[in-house]
Amino acid sequence: MSYTPVQLLENWILRQASDSGQAWLDTQREAVATGDLKSLYMAFGFAPRKIGKADLQLTERDYNDAAEARPGWMPHTWTIDQAARVLLLMSLPAEDDAAFFVTLEKLFQTAEIREQICLYQSLQLLPHQELFDDRLSEGTRTNVKSIFESIAHHNPLPMELMSEQAWNQMVLKALFIGTALDPIEGLDRRVNPELARMLIDFAHERRAAKRPIPVELWRVAAPFADEIALEDMKALYASGEQLEQSAIALALVSTASDEADDILKTNPEIAKRAESGEITWRDIAQQAY
Amino acid sequence: MKFIDPHIHVTSRTTDDYEAMAKAGVAAIIEPAFWLGQPRTNVGSFQDYFSSLVGFEKFRAAQFGIRHYCTIGLNSKEANNEALAEQVMEIMPLFLAKENVVAVGEIGFDDMTALEEKYLRLQLEMAKEVDLPVLIHTPHRNKKQGTYRSMDIIEEHEIPPHLVVIDHNNEETCEEVLRRGYWAAFTIYPKTKMGNERMVEIVKKYGPERIIVDSSADWGVSDPLAVPKTGNLMLERGVPQEHVELTCYKNALAAYGQSGQFEESDWLTPEPIDQRTLFEGNSVLRGGQAPRVDKPEDDRIIQ
């Protein structure tokens, strides 16, 4: 049987919250449902004090239920106060999309860091998501890495909503600030020539500054690699560290071009491991960060 | 020795100050909402300012090993712009419940106008509603009168004195503030408020109970190391260490700890790095910046 996101959040909170926390949340949700904004603002702020800040204790089954209720939803890092806050937001009357937008923006504009993380993760479950594409782009301009990651990682909305320009900036910034690309949903689906060009330029900048090139870069750059980029990969494949060689092999395998094959032949042992699935992007990301 | 500076406006200071404070032993600070030196002309300026107090500044301080807390309030000077004050009161519920907010403040009197009194009273009621302590700013001019009047009003609103810090005291006001049961805070601020030699004498005379030392360092000529400097001067001049600990650390912890948002364990046993939040090192150690290295570097080289 499948559940709605609201039912899932309610169940997860019910498992972990105290009776008093649960009662508090019920009362606040009722007040918010009447459109009482002061109640929303206060309850949104007080949620961690009333209901705790523990991680949600979720099972594989819960993750599957989540993905079924909302494709792309991965509540792996969610906490109980986050779940409570999202339920409060989902209680807010939403018929008037302009008013809903204004209220959410007010919360975004006044949110502290944990609240911003919660809000960016909440949008995937809220109505009128299409109104928030600029908000997502604005969020990626943050200088706080954890906020950036709440948008970029385990969140289907950038893939679904962002313009190509905003998407490209998000991927480039992820590399720039040293956060993983692998948790970006839709990463391989939304590769494009302009993004590959930006990343190859970035790789050249890094090389000129004698700084290391993030290994995940090749995953996105390789499908549109030009001659110069292929030269770069060839050089790294010959003399880079093991993680770099593995990443280059995996990137070249996926492009399936003649030039890529020629490079792969120079180190058939790693190429074989990449082809057989022994090396994965997830492993590479985990080792890299 | 560890110090708390329970009244400092770090938003107007640089990261160099944070580094120096951490080195001098300052573990935690409280930044009371204040004015900017020039009046704000619209509510948006307040909103962004409050947001920085509960968000970015807390984050920035953590990167230098200092726990940052704040108080939220409409200051007395700007209470005189009634149209603006009304809008500020409307957005305060968005901020009072934030995690690092330990009091409503700094509120009180500047010119002692009717509007200042109106918003002092409204904010005292708000503090009761959200169950937070109160930080009272006492005026530069007509200080004694302003201090006494503030306490009278607090008593009318039936807020118990143990929940209220009266700040910027001097030799003239502290006896009455302590007699009535309030926390009496002192600002070590060059030239204008309290010097630290005077502060040593006050602690010697009145003892350490309910006395709190702060710097109020801000955009003016002021010293972000005022609390550790005063603590060290007290020790040098024969004040017992436990009295220094009370006035420069423990009393502030007890007073603002009543918010439930200000606990020693926050800085003595910091939470582990958590990618979802902002705890120490998250950005510094893993971001685009160079990691902090605990050995002296050649400061002629910029990498």
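The shown structure was predicted, so the numbers you read here are calculated from the model rather than taken from an experiment.
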Check your understanding: Under 3.5 Å, is there a donor-acceptor pair linking the side chains of A/D36 and A/T34?
Key -> no
Check your understanding: Got a donor-acceptor contact below 3.5 angstrom from the A/R49 side chain to the B/A97 backbone?
Key -> yes
Practice item. Could you look at A/E115 and say if it's the side chain, the backbone, both or neither that has a heavy atom under 4.5 Å from chain B? Key: side chain
Check your understanding: Relative to the ring of B/F262, is the ring of B/W267 parallel (under 30°), tilted (30 to 60°) or perpendicular (over 60°)?
Key -> tilted
Check your understanding: Is the A/W73 to A/W78 ring centre distance short of 6.0 Å?
Key -> yes
Review point. Side chain, backbone, both or neither: which part of A/A209 has an atom under 4.5 Å from a heavy atom of chain B?
Key: neither
Point to revise | Heavy-atom proximity to chain B below 4.5 Å, by part of A/T110 | key: both
Practice item. Return the option, out of B/N100, B/D48, B/V101, B/L94, with the maximum number of heavy-atom pairs under 4.5 Å with chain A. Key: B/L94
Check your understanding: What part of B/E90 gets closer than 4.5 Å to chain A, counting heavy atoms only: side chain, backbone, both or neither?
Key -> neither
Exercise for review: For the residue pair A/H128 and A/F100, categorise the inter-ring angle as parallel (less than 30°), tilted (30 to 60°) or perpendicular (more than 60°).
Suggested key: perpendicular
Practice item. Counting only heavy atoms closer than 4.5 Å, note whether B/L96 contacts chain A via side chain, backbone, both or neither. Key: backbone
Check your understanding: Side chain, backbone, both or neither: which part of B/F95 has a heavy atom under 4.5 Å from chain A?
Key -> side chain
Check your understanding: Between A/H154 and A/H76, how do the two ring planes meet: parallel, tilted or perpendicular, split at 30° and 60°?
Key -> parallel
Exercise for review: Check whether B/E129 gets within reach of chain A through its side chain, its backbone, both or neither, counting any heavy atom under 4.5 Å.
Suggested key: side chain
